[in-house]
Amino acid sequence: MTQDDSHVGANFIRNLIDADQKSGKHDGRVTTRFPPEPNGYLHIGHVKSICLNFGVAEHYNGSCNLRFDDTNPAKESEEYVNAIKADVKWLGFEWDELRHASDYFDQLHDFAVDLIKQGKAYVDSSSAEEMRQMRGTLTEPGRESPYRNRTVEQNLELFAGMKAGDFDDGEHILRAKIDMSSGNINLRDPALYRIRKISHVRTGDKWNIYPMYDFTHCLSDAIEDITHSLCTLEFEDHRPLYDWVIDQLDTPSHPQQIEFARLHLEYTMLSKRRLIQLVNDNLVDGWDDPRMPTILGLRRRGYTPAALKDFCERIGITKNDSVIEMAVLETCIRDDLNTHAERRLAVLDPIKVVITSLADDHAQELTFKNHPQDDSAGTRPYTFTKEVYIEREDFAENPPPKYQRLIPGGEVRLRGCYVIKCTEVIKNSDGDVIELHCTHDPDTLGKKPEGRKVKGVVHWVSAKTAVPATVRLYDQLFNTPNPAAEASFEAALSPNSVTVLSNALVEPSLAQAPAETRFQFERTGYFVADRNEHSESNPVFNRVVTLRDVWAK
RNA sequence: UGGGCCGUCGCCAAGCGGUUAAGGCACCGGGUUUUGAUCCCGGCAUUCGGAGGUUCGAAUCCUCCCGGCCCAGCCA
């Protein structure tokens with residue numbers, strides 16, 4: 001491919017920036033920021049925003065800051081700050097500068113005083129309830145507060161009192177003086193500063209007042225010289241306010257706010273509130289539960305940064321309120337792991353097979369390729385012995401139509417080994433199959449059998465060398481494409497979102513693998529050694545995703 | 001019924017007045033294969049929410065209509 005690939009990853013925002021570049025706006029500089037509020041863990045919706053912001057900066061050789069929007073000390077904590085930093089790093093992005101909205105509290109305060117002096121902000125002493133009453137409705141204009149025409153001096157004095165801690169929470173509030181009859185409710189004298197007598201993670205007890213988002217975000221962007229402030233669609237209505245604030249004040253720059261659609265993914269839930277509920281109500285095992293759509297959960301599930309970035313690339317950036325099918329995400333991780341994960345053999349639900357044609361002490365060293373298409377992945381030794389285990393579902397006494405596996409009297413190939421024939425089915429007193437007796441065809445190692453076709457291939461482990469392991473199979477957390485639309489989201493929880501197999505048998509190299517190593521267990525799916533629980537003495541694997549399975553359909 | 005935004009294949013998404021309306025996912029064939037995987041090859045919108053209009057020419061411009069999303073926190 002020698003062609004121009006500047007169009008890949010193109011979207012309406014990039015088109016817009018291209019136009020800016022052409023017109024020389026910002027002198028061609030591009031600076032973005034990813035601005036999470038540290039009040040929860042990041043999820044795949046944030047990944048979209050992270051990839052966009054860092055991706056755009058990278059594309060134009062610009063920079064991207066990580067900025068914590070920490071203006072509400074009641075909800076924020078250091079725990080979240082650290083988790084967010086770790087998540088962004090894990091995704092492979094490096095921020096240009098690490099900032100906090102709280103870094104600007106002094107400047108923000110001065111800007112507020114400036115606004116008051118200009119007669120464009122006033123202290124309102126109405127209660128929250130009164131303010132709500134006077135705000136009007138979607139179809140009726142609001143009414144002006146009786147405090148709206150306080151003098152500059154009164155406002156300055158009151159605001160200073162708020163700052164000094166002379167008043168209690170809710171007694172006064174600083175509001176912008178814009179237009180109580182605006183069709184855009186955000187312009188009906190929005191709150192700028194509220195009294196909150198609680199300490200802040202970073203500024204401690206210095207402040208008794210904290211700035212609101214609408215006042216903070218635009219000014220923080222301006223202070224950091226952000227060129228393109230990318231945010232989600234629900235802030236479209238706030239853009240006139242974003243511009244208003246900056247227009248009234250003497251700021252270093254006037255960034256452009258551009259909105260794009262949030263991510264919606266089928267069979268999951270990306271609302272922070274709901275996610276917190278899942279954790280708090282113990283409906284999942286914490287923020288890093290492999291079923292969670294959090295970055296931590298996806299990571300523990302076995303997703304890779306590359307797959308998540310590929311996903312963001314594939315879904316695009318638009319203003320369409322779209323819903324992505326899970327298949328897209330799954331395809332991304334399969335693609336990545338198909339090319340990068342080594343193959344291994346693991347029997348999840350074992351049934352014993354005795355090769356009666358072999359000597360009791362038979363131990364034959366075979367060599368298996370670690371990757372069928374990539375020789376650089378090397379090989380590993382594999383031992384064939386008289387007793388092996390195969391998957392219980394790879395044997396059927398009464399096979400369904402087109403079944404290609406082992407049946408009584410039938411033949412199947414042991415992966416990388418010989419073709420075996422089932423000669424006897426051993427059952428217990430309940431009639432359950434507990435063991436199979438087979439003979440092997442010594443002429444089929446690395447060769448097709450003569451005079452007949454054996455289509456089935458099954459994976460196996462040697463009874464002598466296999467290691468017991470715990471394997472967890474995951475499925476969608478919810479049983480409906482749009483759980484958020486359900487009356488009770490607990491009712492939408494799938495009862496079978498996790499299956500723990502504690503009798504699995506895996507090849508020895510798997511137990512020795514470091515945590516977070518990903519493999520393809522041939523024929524069963526992609527798995528990852530659990531980040532928290534896996535060890536050589538207690539191997540634990542999570543299924544990332546199944547293999548594509550045409551037959552299952 | 002106020003304000004803002006969105007509607008191109010089952011799901012995403014290019015397209016920006018002249019293209020046979022990209023591409024991906026999904027799906028449906030067929031080939032290779034010691035993973036029912038991978039890989040390969042082929043199929044998959046005479047039509048762009050609808051109706052009018054402008055134009056030699058419209059998914060792209062205009063008008064009206066229909067459908068969907070967001071906004072009434074001293075949250076972000």
Side-chain angles (χ1 to χ4, degrees), chain A residues 7-8 10-12 15 35-37 39 69-72 74-76 124 126-128 131-132 135-142 169-175 181-188 190-196 209-210 212-214 216-217 231-240 259 261 266 272 313-332 334-335 338-339 343 345 371-373 402-405 412-417 419 444-448 454-459 520-526 546-553:
Chain A
H7 64 282
V8 308
N11 55 54
F12 81 97
N15 292 161
E37 180 187 15
N39 69 342
D69 223 333
D70 55 351
T71 58
N72 187 355
K75 290 189 174 178
E76 298 149 8
D124 196 330
S126 306
S127 66
M131 266 180 65
R132 196 177 62 75
R135 190 157 26 236
T137 67
L138 294 179
T139 51
E140 301 158 37
D169 287 16
E171 267 193 82
H172 303 290
I173 191 157
L174 185 72
R175 291 227 257 172
S181 62
S182 173
N184 182 347
I185 292 175
N186 293 295
L187 263 22
R188 318 239 265 228
L192 265 25
Y193 262 93
R194 77 289 218 187
I195 300 170
R196 276 273 182 291
I209 53 173
Y210 292 95
M212 301 287 291
Y213 165 85
D214 283 307
T216 308
H217 205 96
C231 64
T232 43
L233 248 26
E234 68 271 25
F235 292 102
E236 258 174 330
D237 287 344
H238 294 242
R239 193 173 61 228
E259 310 85 8
E266 283 192 344
K272 217 174 246 183
E313 205 65 48
R314 293 191 197 214
I315 61 176
I317 298 288
T318 67
K319 301 184 77 141
N320 299 346
D321 194 14
S322 55
V323 183
I324 311 296
E325 293 178 341
M326 260 301 172
V328 180
L329 220 207
E330 293 184 346
T331 293
C332 292
R334 284 195 188 107
D335 268 17
N338 176 47
T339 60
R343 311 288 122 120
L345 265 33
H371 192 108
Q373 281 89 32
K402 298 200 177 162
Y403 191 75
Q404 292 179 9
R405 311 174 192 182
V412 83
R413 176 180 294 278
L414 292 180
R415 174 68 162 149
C417 192
V419 168
T444 54
L445 185 63
K447 274 192 289 196
K448 285 191 166 40
V454 173
K455 222 176 173 193
V457 177
V458 302
H459 56 280
Q520 183 196 91
F521 289 1
E522 291 199 31
R523 304 210 310 130
T524 60
Y526 293 99
T546 60
L547 254 32
R548 240 181 107 240
D549 188 353
V550 175
W551 189 69
K553 291 168 182 165

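In what follows, every chain begins at residue 1, and chains take the letters A, B, ... in the order their sequences are listed. Here the structure is a predicted model, which is why all the values come from computation and not from measurement. Any value given below was found using the heavy atoms of this structure, including those in side chains, with hydrogens, waters and symmetry copies removed.
- Using a 4.0 Å heavy-atom distance criterion, Val454(A) is classed as making no nucleic acid contact.
- Remark: rG73(B) base-pairs with no nucleotide in the shown strands. Criterion, Watson-Crick or G-U wobble with two distances under 3.5 Å.
- Using a 4.0 Å heavy-atom cutoff across all strands shown, Ile317(A) reaches sugar-phosphate atoms only and no base atom.
- Considering only side-chain N and O atoms, Arg314(A) lies nowhere under 4.0 angstrom from the phosphate OP1 or OP2 of rA26(B).
- By the side chain to side chain contact (heavy atoms under 4.5 Å, CB included) test, Asp335(A) is found to be paired with Arg314(A), Thr331(A), residues two or more places apart in sequence or in another chain being considered.
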Contact letters for nucleotides 37-45 of chain B, in which S counts primed atoms plus P, OP1 and OP2 and B counts the base, heavy atoms under 4.0 Å:
BB-------
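- Nucleotides rG57(B) and rG17(B), compared at atom C1', are 8 Å apart to the nearest Å.
- Taking atom C1' in both rA14(B) and rA72(B), one finds a spacing of 38 Å when rounded to whole Å.
- Residues Ile173(A) and Tyr193(A) share a closest heavy-atom pair of CG1-O, 3.1 Å.
- Each of rU35(B), rG36(B), rA14(B) was ranked by its minimum atom distance to the side chain of Asn11(A); first place goes to rA14(B).
- Separating the P atom of rU47(B) from that of rG42(B) is a span of 25 Å, rounded to the nearest Å.
- rU33(B) and rC28(B) are spaced 23 Å apart, taking the P atom of each and rounding to whole Å.
- No hydrogens or angles were tested; on distance alone, nothing pairs the side chain of Asp124(A) with the base of rC74(B) as donor and acceptor under 3.5 Å.
- A search for salt bridge (Lys or Arg N to Asp or Glu O under 4.0 Å) contacts involving Glu236(A) returns Lys319(A), not counting sequence neighbours.
- Side-chain N/O atoms of Ser322(A) include one lying less than 4.0 angstrom from OP1 or OP2 on rA13(B).
- Across all strands shown, Ala128(A) has heavy atoms under 4.0 Å from base atoms, whether or not it also approaches the sugar-phosphate.
- At the heavy-atom level, Gly142(A) lies nowhere under 4.0 Å from the strands shown.
- Base engagement by Ser126(A) is indicated by at least one non-hydrogen atom pair under 4.0 Å involving a base atom.
- The closest donor-acceptor contact from the side chain of Arg334(A) to the backbone of Asn338(A) lies at 3.5 Å or more, if one exists at all.
- As rounded to the nearest Å, rC48(B) and rC61(B) have C1' atoms that lie 16 Å from one another.
- Contact annotation: Lys455(A) side-chain N/O to rG36(B) OP1/OP2 distance is not under 4.0 Å.
- For rA13(B) and rG52(B), the P atoms lie 29 Å apart once the distance is rounded to whole Å.
- Comparing rU34(B), rC75(B), rC12(B) by their nearest atom to the side chain of Asn72(A) picks out rC75(B).
- In the interface, the side chain of Arg413(A) is paired with the base of rU34(B) through a donor and an acceptor atom under 3.5 Å apart.
- Looking at residues two or more places apart in sequence or on another chain, you find a side chain to side chain contact (heavy atoms under 4.5 Å, CB included) between Gln404(A) and Lys455(A).
- The side chain to side chain contact (heavy atoms under 4.5 Å, CB included) test applied to Pro141(A) returns Ser181(A), not counting sequence neighbours.
- The ring-ring contact (aromatic ring centres under 6.0 Å, His included) test applied to Tyr526(A) returns no partner, not counting sequence neighbours.
- Lys272(A) comes within 4.0 angstrom of nothing in the nucleic acid, heavy atoms only.
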Encode nucleotides 67-73 of chain B as B, S and - characters from 5' to 3', where the letter depends on protein heavy atoms closer than 4.0 Å: B to the base, S only to sugar-phosphate, - to neither.
--SBBBS
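- Evaluation of the side chain to side chain contact (heavy atoms under 4.5 Å, CB included) rule for Leu138(A) yields Ile185(A) as partners, not counting sequence neighbours.
- Of the side-chain N and O atoms in Thr331(A), one or more sit less than 4.0 angstrom from OP1 or OP2 of rA26(B).
- The ring-ring contact (aromatic ring centres under 6.0 Å, His included) check on His371(A) picks up nothing, with sequence neighbours excluded.
- Taking the P atom of each, rC16(B) and rU60(B) are spaced 12 Å apart, rounded to whole Å.
- Each of rU35(B), rC5(B), rG2(B) was ranked by its minimum atom distance to the side chain of Glu236(A); first place goes to rC5(B).
- The side chain of Val457(A) lies closest to rG36(B), out of rA14(B), rG36(B), rC74(B).
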Checking Arg415(A) against His459(A) for the side-chain hydrogen bond (donor to acceptor under 3.5 Å, both in side chains) test, could you report, in this order, the C-alpha distance in whole Å, the side-chain angles of both residues, the deciding distance, and whether it holds?
CA-CA 5 Å; Arg415(A) 174 68 162 149; His459(A) 56 280; over 6 Å; no
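- One N or O on the side chain of Thr444(A) and one on the backbone of Val419(A) form a donor-acceptor pair closer than 3.5 Å.
- Distances shown here put every side-chain N or O of Asn320(A) at or beyond 4.0 Å from the OP1 or OP2 atom of rC6(B).
- Although no hydrogens or angles enter the test, the distance criterion places no donor-acceptor pair under 3.5 Å between the side chain of Asp237(A) and the main chain of Asn186(A).
- Side-chain to base pairing of Glu325(A) with rG10(B): one donor and one acceptor N or O lie within less than 3.5 Å of each other.
- Applying the 4.0 Å criterion to OP1 and OP2 of rC75(B), one finds that Thr71(A) has every side-chain N and O outside that range.
- Pairing for rA22(B) is absent, judged as Watson-Crick or G-U wobble with the two contacts each under 3.5 Å.
- For Arg239(A) against rG4(B), no side-chain N or O and base N or O form a donor-acceptor pair under 3.5 Å.
- Base orientation for rG23(B): anti, the chi torsion being more than 90° from 0.
- Within 4.0 Å of Asn15(A), counting heavy atoms only, lies at least one base atom of the nucleic acid.
- Within 4.0 Å of Thr524(A), counting heavy atoms only, lies no atom of the nucleic acid at all.
- Taking the P atom of each, rC9(B) and rG2(B) are spaced 29 Å apart, rounded to whole Å.
- Heavy-atom nearest nucleotides on RNA chain B were determined for Glu266(A) and for Asp69(A), and the one closer to the 5' end corresponds to Glu266(A).
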